[in-house]
Each structure stands twice: as structure tokens, then as C-alpha cells.
There are 2 protein chains.
Amino acid sequence: MGKRKENSTNMLNESFIVESCDLTYAVCKVGGRWKLLILCKLENGKLRFSELRNQINGITERMLTLQLRELEKDGLVKRTVHAEVPPRVDYELTIIAKELIPIWAKLSQWGKKHKKIVVQQ
Amino acid sequence: MGKRKENSTNMLNESFIVESCDLTYAVCKVGGRWKLLILCKLENGKLRFSELRNQINGITERMLTLQLRELEKDGLVKRTVHAEVPPRVDYELTIIAKELIPIWAKLSQWGKKHKKIVVQQ
DNA sequence: CCCATTACTTACAAATTTGTTAGTACCATA
DNA sequence: TATGGTACTAACAAATTTGTAAGTAATGGG
């Protein structure tokens, strides 16, 4: 989110892992604090910046911008700027992001179940 | 991994998100740098500490210990200590972790495909 | 007694992510 | 001319994760 060092061990490890494990790669793409929440909000269609901000409790404009920029760079979200004043920008899922939706559903089910089990202890 | 502050905004945001979004909750459980790699290695059965260390390129004993401890606490991995000297400890997936395997397969497919598409650009 | 082996732990430092606060440009409207 | 709304950006600080280096306990074998 800030720039990363080019050759830190941290960075090299991540690169290596992500190269060699498609699963880790996939999870990293949605690994930011707010990313999945954003993507879920977009499941039902386009939303503009302010709509996302208002629907996501606690997110700052800075974090929303940062997370959206990464999602855009990674091809999960499409950003459209309308030439108006005041500005209007909206965001929507790309095709490849939509392919994740059924997987999210399963993961979400698992999460719900797991949460119950672990909390019991 | 170190202790977290009790009432940082950071912490409170995470708690809130994880409470309200089962999907984010699920992804957080495997969100550590090395966790998915560890879990993948365990897919085929038990491994001992040193086997994991040797199979995972670049991981330190400290990180392996930390990640295993969290996985154990979160009920994804079962740890068994054998009363021997030198010590022998092995790790295996729990039932609930095994339920994730088919989902991992899908996600991994998606990752592989996505990696190609994004790298092309 | 000394060494080797295994699975760790501890103290510290570096890197990275997240949050805080205060701006910016644009133009229509009052 | 002053104000307002929208979608940001910049500089900085705090929190968190990850990595480094050096230990530790227990016991069997030499």
C-alpha cells in the first residue's frame, strides 16, 4: 500500500510463495482488511465511491481508495469515471471477480459453521 | 502474533468486520504468510515439525512455530506430542480443516487462471 | 562429562499495513 | 464571491506482522 522494498526477505518470501502456490496467490488477492467487504457490497451491482463508504462501517476514505486501487490493479474491480461535476465514479466486479462468487458462498458457509464451533470451546 | 492492543482502532475494526462477515472471518483464519502452505503440506497426512520445516522453503523455525500455534488455536491443526527424546511432535489437519480442501481446489484453479490473465497485461 | 538431536523460546529489529488529520480540484448554485 | 458536494491525495504516526540471531530442555550414546 505504501511502496514495498524491492529485496527485503519479507518481500522475497512472499513472491516465492505466491509463485509456487496458486492457492496462496488467490487468497492474497483478497487479503486486505477491507477487500472482501468491498467485493461483497459489489456483488449486487455497481456502486459509487460514496455509496461504498456509507455502506462500510468504519472505513476511511483513504483505506477505501487504497483497497479499491489494488483491486482495480489486480483486475477484480472496474472503475468508471463519469465526466461530471461534482465527480461521479463507480465500481463494479469484473468477470473474473464474479467467478469467485460461488466459492465465496462456500467459504462463507464454512466460516459461519467454524465460528460456532470455535466459540463454543 | 505478538500480542495485539486491546482497543486500537485497527483491532476494533478487524473484530467488527470478522463478526459481521463470515467470508472475511474464514479468510482471516488462513491469512498468515505461511499458513496455506503449511495446510497444503498436511493435506496428505501427518507431518512432524522438522518435516514441515524441510518442505517449506524459506520458513524459519520461529515462523513455523507461530503459524502452527495459531492454526492449532483456531482448530485447523491438531498437535500431538510423543513422549520421546529427542522430542517428536506431529501435526495433522482437523476434520473442519479437511472440509476446506475442496474449496481450496476451486480457489487454486481460480488463482492459476487469474495469474495468467493478469500477467499478460 | 560432552555432544548431538529435536522442537521449540526469547529479545530484538525491520518491514508492512492501517489509521489520523488536513488538505485538493472541479464547477454549479446561492 | 462564498459555499457545497464528490472523490480523492499527502504527510505522518501507530499498530501489526515478519525476520534475525541466539539461546533452552531433555536424554541417549561415546
Side-chain angles (χ1 to χ4, degrees), chain A residues 1-18 24 27-28 30-38 46-72 77 79-91, chain B residues 1-18 24 28 30-35 37-38 46-72 77 79-91:
Chain A
M1 325 227 66
K3 316 302 179 210
R4 303 184 71 178
K5 291 226 163 171
E6 290 272 301
N7 287 312
S8 60
T9 305
N10 188 314
M11 168 68 149
L12 295 174
N13 278 342
E14 184 180 296
S15 303
F16 178 75
I17 294 172
V18 152
T24 302
V27 171
C28 281
V30 296
R33 167 71 47 94
W34 305 92
K35 282 184 185 173
L36 284 169
L37 227 44
I38 293 170
K46 292 184 188 183
L47 288 176
R48 51 193 299 193
F49 185 86
S50 55
E51 290 172 320
L52 283 168
R53 184 197 349 113
N54 295 334
Q55 287 184 32
I56 297 176
N57 205 308
I59 199 168
T60 60
E61 297 197 330
R62 170 178 149 76
M63 283 311 294
L64 182 53
T65 303
L66 284 174
Q67 304 274 283
L68 283 169
R69 287 288 182 279
E70 289 198 344
L71 289 169
E72 192 193 358
V77 152
R79 175 169 181 265
T80 309
V81 183
H82 301 270
E84 301 176 3
V85 170
R88 182 157 67 90
V89 179
D90 49 38
Y91 295 91
Chain B
M1 327 230 67
K3 315 303 179 209
R4 303 185 70 178
K5 291 225 165 172
E6 290 271 303
N7 287 313
S8 60
T9 305
N10 189 313
M11 168 67 150
L12 295 174
N13 278 341
E14 184 180 297
S15 304
F16 179 75
I17 294 172
V18 152
T24 302
C28 281
V30 296
R33 167 73 46 92
W34 305 92
K35 282 184 185 173
L37 227 44
I38 293 171
K46 291 184 189 184
L47 287 176
R48 53 192 298 191
F49 186 86
S50 54
E51 291 172 321
L52 283 168
R53 181 194 355 110
N54 296 333
Q55 287 184 31
I56 299 177
N57 206 309
I59 199 169
T60 61
E61 297 196 332
R62 171 179 149 76
M63 283 310 294
L64 182 54
T65 303
L66 284 173
Q67 303 274 286
L68 283 169
R69 286 289 181 280
E70 289 198 345
L71 289 169
E72 192 192 358
V77 152
R79 176 170 180 263
T80 309
V81 182
H82 301 270
E84 301 175 5
V85 169
R88 182 157 66 89
V89 179
D90 50 37
Y91 295 91

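Note that the structure is predicted; figures quoted are calculated from it, not measured. Here is the naming used below: chain letters follow the sequence lines, and residue numbers restart at 1 for every chain.
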Find every protein N or O atom lying less than 3.5 Å from an N or O atom of nucleotides 19-23 of chain D, and list the pairs.
residue : atom : partner : partner atom : Å
D:dG19  : OP1  : A:N13   : ND2          : 2.4
D:dG19  : OP2  : B:W34   : NE1          : 3.1
D:dG19  : N7   : B:R62   : NE           : 3.2
D:dG19  : O6   : B:R62   : NE           : 3.0
D:dG19  : O6   : B:R62   : NH2          : 2.9
D:dT20  : OP1  : A:T9    : OG1          : 2.9
D:dT20  : O4   : B:R62   : NE           : 3.3

(message) Ignoring hydrogens, what is the shortest heavy-atom contact between A:C28 and A:V18? Give both atom names and the distance.
(response)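 Reported closest heavy-atom pair: SG-CG2, 3.9 Å.
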
(message) If you compare all heavy atoms of A:Q67 against all heavy atoms of A:R33, which two are closest, and at what distance to 0.1 Å?
(response)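 Nearest heavy atoms, A:Q67 then A:R33: OE1-N, 3.5 Å.
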
(request) Would you kindly compare A:R69 and B:G31 by the position of their nearest DNA chain D nucleotide and give the one closer to the 5′ end? (result)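 The 5'-side residue here is A:R69.
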
Could you check how far [atom1] of [X] sits from [atom2] of [N], rounded to whole Å?
| X | N | atom1 | atom2 | answer |
| --- | --- | --- | --- | --- |
| B:F49 | C:dT9 | CZ | P | 9 Å |
| A:I59 | D:dC8 | CD1 | C1' | 14 Å |
| A:R4 | D:dT18 | CZ | P | 10 Å |
| A:R53 | D:dT6 | CZ | P | 7 Å |
| B:E72 | C:dA7 | CD | P | 15 Å |
| B:Y91 | C:dT6 | OH | P | 15 Å |
| B:K5 | C:dT18 | NZ | C1' | 14 Å |
| B:L66 | C:dT10 | CG | P | 11 Å |

Is any side-chain nitrogen or oxygen of [X] closer than 4.0 Å to OP1 or OP2 of [N]?
| X | N | value |
| --- | --- | --- |
| B:R79 | C:dA7 | no |
| B:S50 | C:dA7 | yes |
| B:Q67 | D:dT17 | no |

Straight-line distance of [X] [atom1] to [Y] [atom2], nearest 0.5 Å:
| X | Y | atom1 | atom2 | result |
| --- | --- | --- | --- | --- |
| B:E61 | B:S50 | CD | OG | 9.0 Å |
| A:R79 | A:K46 | CZ | NZ | 13.5 Å |
| A:R53 | A:M63 | CZ | CE | 15.5 Å |
| B:L66 | B:T60 | CG | OG1 | 8.0 Å |
| B:T24 | A:K35 | OG1 | NZ | 12.5 Å |
| B:I59 | B:I38 | CD1 | CD1 | 4.5 Å |

Which atom pairs link the protein and nucleotides 25-30 of chain D when you take only N or O atoms and keep those under 3.5 Å?
none

(request) Report the nucleotide, chosen from C:dC8, D:dT16, D:dC8, that has the shortest atom-to-atom distance to any side-chain atom of A:V89. (result)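 Among C:dC8, D:dT16, D:dC8, the one nearest the side chain of A:V89 is D:dC8.
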
(message) If the helix axis at each end comes from five base pairs, how far does the helix from C:dC1-D:dG30 to C:dA30-D:dT1 deviate from straight, to 10°?
(response)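 The value is 30°.
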
For residues [X] and [Y], determine if any side-chain heavy atom of one lies less than 4.5 Å from a side-chain heavy atom of the other.
| X | Y | result |
| --- | --- | --- |
| B:L64 | B:W34 | no |
| A:E6 | A:M11 | no |
| A:K5 | A:N10 | no |

(request) Identify whether any heavy atom of B:T65 sits under 4.0 Å from a base atom; if not, whether one sits that close to sugar-phosphate; answer base, sugar-phosphate or nothing. (result)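 Base contact.
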
(request) Select base, sugar-phosphate, or nothing to describe what A:R48 touches, counting heavy atoms under 4.0 Å on all strands. (result)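 Sugar-phosphate only.
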
(message) If we check side chain to side chain contact (heavy atoms under 4.5 Å, CB included) with B:F49, which of these qualifies: B:D90, B:N54, B:L68?
(response)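 It is B:L68; the other options fail the test.
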
